[in-house]
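Proteins come first, then strands; the chains are lettered A, B, ... in the order of their sequence lines, and each starts at number 1. FYI, side chains are in, hydrogens and waters are out, and symmetry mates aren't considered; it's all heavy atoms of this structure. Worth saying up front: this structure is predicted, and the values here are computed from it rather than measured.
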2 protein chains.
Amino acid sequence: MTAARRLIDRDGWRKLTMRRLATEADAAPTTLYHHFRDKDDLLAQLLNDYADTIPRPDLPDAPRERVLVAATLIHDSLAAWPWIVEVLAADDLTGESALWMVEAIIAGAIDCGCTPEEAVDLYRSVWYFTVGEILVRANAERRRADPQRPNRRDAVLGEADPARLPHLAALADRWPALVSRNTYPQGLRALVDGLLPHGHTEE
Amino acid sequence: MTAARRLIDRDGWRKLTMRRLATEADAAPTTLYHHFRDKDDLLAQLLNDYADTIPRPDLPDAPRERVLVAATLIHDSLAAWPWIVEVLAADDLTGESALWMVEAIIAGAIDCGCTPEEAVDLYRSVWYFTVGEILVRANAERRRADPQRPNRRDAVLGEADPARLPHLAALADRWPALVSRNTYPQGLRALVDGLLPHGHTEE
DNA sequence: ACCTGAACACCGTTCAAGT
DNA sequence: ACCTGAACACCGTTCAAGT
């Protein structure tokens with residue numbers, strides 16, 4: 001497991017193969033199959049171990065703040081190890097040891113006057129937004145780090161036809177700077193305030 | 001290209017390999033490399049071709065509606081071929097022929113009184129939300145279709161400790177029904193209304 | 001120009017055999 | 001119980017050779 005984490009941190013999770021992991025752990029590839037059912041099982045255990053390390057701070061009393069803090073905690077935990085998202089996106093936020101954050105969001109929403117259905121909807125929207133943010137930024141980062149392909153996006157945007165795409169053409173050269181800013185907090189706040197019953201925002 | 005599309009629709013994009021594609025197209029695997037630089041190049045061409053087929057309806061005059069309609073169009077186009085998201089998430093919405101939707105969102109936001117910076121931020125939030133929604137739902141669908149693993153998520157939720165996770169435990173049996181509903185429109189509206197200057201919502 | 005077979009350097013996983 | 005080598009059925013890609 002430690003070898004696996006080392007390998008991911010050094011070379012990225014796409015390079016984590018059973019064979020490389022075996023080499024890193026000084027064992028035969030086949031040996032791994034006596035400790036893990038298969039590769040998915042290994043990844044799942046890696047995920048659960050990580051979830052257990054997430055600190056569990058006291059959440060604020062005000063329910064709206066509680067929702068925001070819990071969501072930000074999920075976000076920051078994922079941002080620290082973004083490859084998780086690609087493995088995880090499938091099952092909502094499965095893994096026993098991470099469920100308390102989901103509970104915190106749903107409880108906060110209910111305390112703000114949501115019905116249970118509305119609370120689940122709010123959680124799901126927050127989860128979609130968070131997953132998307134992490135994923136897009138992680139991939140952008142990966143491409144940036146890869147000196148290979150010189151960023152097709154900037155090229156496409158640079159050639160934008162000012163007649164058909166006036167705003168994009170005007171913004172083309174500022175685009176890289178604009179998209180590198182962190183807008184998660186504003187987006188999250190907009191989403192939460194839009195989905196909580198009125199009168200519970202900004203309190 | 002037609003063979004590639006056929007293969008993806010039949011077996012899923014994870015099964016699209018150069019070798020299988022070659023077989024499908026009655027050619028040697030190596031032949032493909034005279035038509036595409038590599039596999040990424042093939043995928044990129046597949047993407048661009050698809051973007052060209054997206055219908056281009058007249059957008060409403062009211063700027064807020066324009067933002068919502070353009071975002072929903074992006075969403076629905078991706079939902080129809082969700083594997084695209086995994087290839088695409090990297091570069092924002094690259095590909096010349098899809099940029100008009102980005103332009104529509106940014107123009108709508110500016111017409112609502114946003115600064116260009118705010119308009120780009122709004123577009124990015126919408127993009128994150130949309131990517132997350134498609135990705136999570138596509139993966140959930142894939143798992144559901146795979147009779148193999150019997151859904152770890154429901155199991156984990158079913159065992160939720162009512163003392164520590166009261167709301168989740170109470171919602172456990174309704175969870176599958178709750179998460180299968182389509183909440184994209186509400187989430188999108190909340191996000192957009194929260195990020196547009198006040199006074200421009202619901203007009 | 002277009003296509004090909006042989007080859008290289010990889011994958012995940014199984015299985016019978018060893019200690 | 002734990003580990004292993006040999007093997008199977010795959011990958012993407014290159015390259016010299018054919019038409």
- From CG (A:L32) to NZ (A:K39), nearest 0.5 Å: 11.0 Å
What does the list of N/O pairs under 3.5 Å between the protein and nucleotides 1-4 of chain C look like, with a distance for each?
unit_1, atom_1, unit_2, atom_2, d
C:dC3, OP2, B:H35, NE2, 2.6
C:dC3, N4, B:H34, NE2, 2.9
C:dT4, OP2, B:A28, N, 3.0
C:dT4, OP2, B:T31, OG1, 2.5

- State the OG1-CG distance between A:T72 and A:L188, to the nearest 0.5 angstrom. 5.0 Å
- Describe, in one word, how the ring planes of B:W127 and B:Y123 are oriented to each other, choosing from parallel (under 30°), tilted (30 to 60°) and perpendicular (over 60°). parallel
- Can you check the A:L42 CG to C:dT13 P distance for me, whole Å? 10 Å
- Query: If you measure from the Lys or Arg side-chain nitrogens to the Asp or Glu carboxylate oxygens, is any gap between B:D111 and B:R64 under 4.0 Å?
  - Reply: no
- Task: Mind calculating the distance between OH (B:Y33) and P (D:dA16) to the nearest angstrom?
- Result: 17 Å
- Message: With rounding to the nearest 0.5 angstrom, report the CD1 to CD distance, A:I110 to A:E117.
- Response: 9.0 Å
- Rounded distance in Å between the P positions of D:dA9 and C:dC10: 22 Å
- Query: Going through the distances and angles, do A:R10 and A:E24 end up as a salt bridge (Lys or Arg N to Asp or Glu O under 4.0 Å)?
  - Reply: CA-CA 12 Å; A:R10 194 194 327 132; A:E24 182 83 13; 2.9 Å; yes
- Counting only heavy atoms not in A:N182, do more than 12 fall under 6.0 Å of its CG? yes
- Represent DNA chain C in dot-bracket notation, 5' to 3'. Only Watson-Crick or G-U wobble pairs with both distances under 3.5 Å count; pseudoknot-style crossings use [ ] and interstrand partners use |. ||.|||||...|||||.||
Output one line per pair: protein atom, nucleotide atom from nucleotides 8-11 of chain D, and distance, for all N/O pairs under 3.5 Å.
unit_1, atom_1, unit_2, atom_2, d
D:dC11, OP1, B:T17, OG1, 3.3

- Item | Spacing of B:R37 atom CZ relative to D:dT14 atom C1', expressed in whole Å | 15 Å
- When rounded to whole Å, the CZ to P distance for the pair B:R14 and C:dG12 reads 15 Å
- Rounded to the nearest 0.5 Å, the CE atom of B:M101 sits from the CZ atom of B:R56 at a distance of 9.0 Å
- Ring centroid separation B:Y128 to A:Y128 under 6.0 Å: no
- Message: I'd like to know if B:E141 and B:R137 make a salt bridge, using a cut-off of under 4.0 Å between side-chain N and carboxylate O.
- Response: no
- Query: Is there a side chain to side chain donor-acceptor pair (under 3.5 Å) between A:S97 and A:D52 once you walk through the steps?
  - Reply: CA-CA 6 Å; A:S97 35; A:D52 287 329; 3.0 Å; yes
